[in-house]
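To start, the structure itself, in structure tokens.
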Protein chains: 2
Amino acid sequence: MKNQTSQSIEDYLKAIYELSIKDGRVATTHLAKHLGISPASVTGMIKKLSQMEPPYLNYQKHQGVFLTEAGERIALETLRHHRLLEVFLHEILGFPWDEVHEEADKLEHVISEKFEERMAFVLGNPEHDPHGDPIPNKELNVPKATMICLSDLRPHQKAIIKRVRDKDPKLLRFLSDLGLIPNAEIEINDYSEFDGNIHLAVKNSSKNVVLGPRITDQIHVSILN
Amino acid sequence: MKNQTSQSIEDYLKAIYELSIKDGRVATTHLAKHLGISPASVTGMIKKLSQMEPPYLNYQKHQGVFLTEAGERIALETLRHHRLLEVFLHEILGFPWDEVHEEADKLEHVISEKFEERMAFVLGNPEHDPHGDPIPNKELNVPKATMICLSDLRPHQKAIIKRVRDKDPKLLRFLSDLGLIPNAEIEINDYSEFDGNIHLAVKNSSKNVVLGPRITDQIHVSILN
DNA sequence: GATAATATTTAGGTATGCCTAATTAAGAAA
DNA sequence: TTTCTTAATTAGGCATACCTAAATATTATC
Ligand SMILES: [Mn+2]
Ligand SMILES: [Mn+2]
Ligand SMILES: [Mn+2]
Ligand SMILES: [Mn+2]
């Protein structure tokens, strides 16, 4: 009599996982916005998910939700599918990195465990997706990264881009046109404290780029000594 | 205001396409059995599909259904997805040929046109799936094969296996264990007219195999002069 | 601490796609 | 042609996952 999941359920749990990393408990409206669903519908679903056996969510009226262990397992399982698929679509099928997300979002619910396993094998068990996000391993442990934002860098520092946390295809294409993709090397030239703009150069491209905090907050780097 | 399809609709249309190749019009019960759905439900769905704009089915009460052009297009589109996916799963991900069908049956509804196109490119536009079934091309034309059944062969004839029309994983595994897969070369040794059994040898395997008509009717071959 | 603004929940409804049971139509046999 | 059998349809329901509008709880502001 085990619980079974649906597309929708997996999407809810994955969204709650992602949102709760920053904020702990996740509020109904927050979740609703993230999923593009009305708050009323979200209330209905989280109520259901918190009453399943075993429950996937811990929910108290007006207090938001957080994942139970069972719920987190499904979220991570889905996230592993998603990120492996992104690598797969990019490396094997040649999708550009700004298009992998949408396709993976549909496929993640449909592939079998065998598909997952074969994919991981063919790709050599990658640890990061094309945007630099960590892929949970087979036992669903997530390698956690030290988080330095590009927005925290200051002039003369050099760094390597590790992660671009955004899903907007337009922004992603804009960044990759500038060479700003995971593993690219950059150097900070200037910082203006009033608007938080960062001026930087991309190695092997001789371009000088200026980016605002809306963007630099989403880019994680590791600093080169 | 174009019609849009769902998983279910695609499955219905694909099933009707497959069944109508043999029999022309498709009867409600026949379709119901093939889909594993109650006849009552099938009546409901085919009614709906025949009343869409444009209709996918031509339906008259108690007379069964056949595909309209619009319906056939969707059936072929889905079939192309299915069979390309089978090749893909087999060649790229290393799935055994008896497991590709189930996985492709879920994925066929979910992949984008871009996924289809990339897959076809990577595979070099294959014309047949791992069971030898023809893959509709991009314009949805189906290369049609001359149909000689293994059951029609007689002693001393040599032939190459072209197609194995069965979805049962057990049978497929049984056949591949004997080397009886598309492109294998065989020679007929004996035929017994009472039960229709065929005795044959598989090239490079020295095994002598006896198969009944239940099986040999499903295997298509091309004869070697 | 009352009130206003915002967040959340409840109530009532819709579309899909399936089910069983009861009814009716079609086709075959007498 | 009447009768029997089988096939197909209708009627009435159910589960999932959404929606809008109305009601209520929480929280922030005065
Ligand atoms: Mn998995
Ligand atoms: Mn990603
Ligand atoms: Mn297609
Ligand atoms: Mn096939």
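Remember, predicted model here, so these are calculated numbers, not experimental data. Chain naming here is simple, since letters A, B, ... match the order of the sequence lines and numbering starts at 1 in each.
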Checking contacts here: which listed nucleotide ([options]) is nearest the side-chain heavy atoms of [X]?
| X | options | value |
| --- | --- | --- |
| I9(B) | dG17(C), dT9(C), dC18(D) | dG17(C) |
| A40(B) | dC19(D), dT8(C), dA21(C) | dA21(C) |
| S8(A) | dT20(D), dC18(D), dC18(C) | dC18(D) |
| S38(B) | dA17(D), dC19(D), dC19(C) | dC19(C) |
| P39(B) | dT16(D), dT9(D), dC18(C) | dT9(D) |

Is the shortest side-chain heavy-atom distance between I74(A) and Y12(A) below 4.5 Å?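 Answer no - side chains too far apart.
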Can you name the closest pair of heavy atoms from R118(A) and L93(B) and give their distance?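 Reported closest heavy-atom pair: NE-O, 2.7 Å.
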State, to 0.1 Å, how close P126(A) and I135(A) come at their nearest heavy-atom pair, and which atoms those are.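 So the two residues come closest at O-CD1, 3.7 Å.
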Short side-chain N/O contact to [N] OP1/OP2 from [X], under 4.0 Å:
| X | N | result |
| --- | --- | --- |
| T29(A) | dT6(C) | no |
| S41(B) | dC19(C) | yes |
| K47(B) | dT10(D) | yes |
| Y12(A) | dT16(D) | no |
| T43(A) | dT10(C) | no |

Are R214(B) and D166(B) ion-paired here, with the side-chain N under 4.0 Å from a carboxylate O?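 Salt bridge: yes.
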Salt-bridge test for E99(A) and K114(B): reply yes if a basic N is under 4.0 Å from a carboxylate O, no otherwise.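 A salt bridge links E99(A) with K114(B).
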Residue closer to the 5' end of DNA chain D, S6(A) versus H30(B) (nearest nucleotide):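 Of the two residues, H30(B) wins.
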Counting only heavy atoms not in K33(A), do more than 12 fall under 6.0 Å of its NZ?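 Count not over threshold, so no.
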Tell me, which of residues 55-68 of chain B have any heavy atom that sits under 4.0 Å from an atom in DNA chain C?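 Heavy-atom cutoff 4.0 Å gives H62(B).
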Mind checking whether F115(B) and F88(B) have parallel, tilted or perpendicular rings, split at 30° and 60°?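 F115(B) vs F88(B) ring planes: perpendicular.
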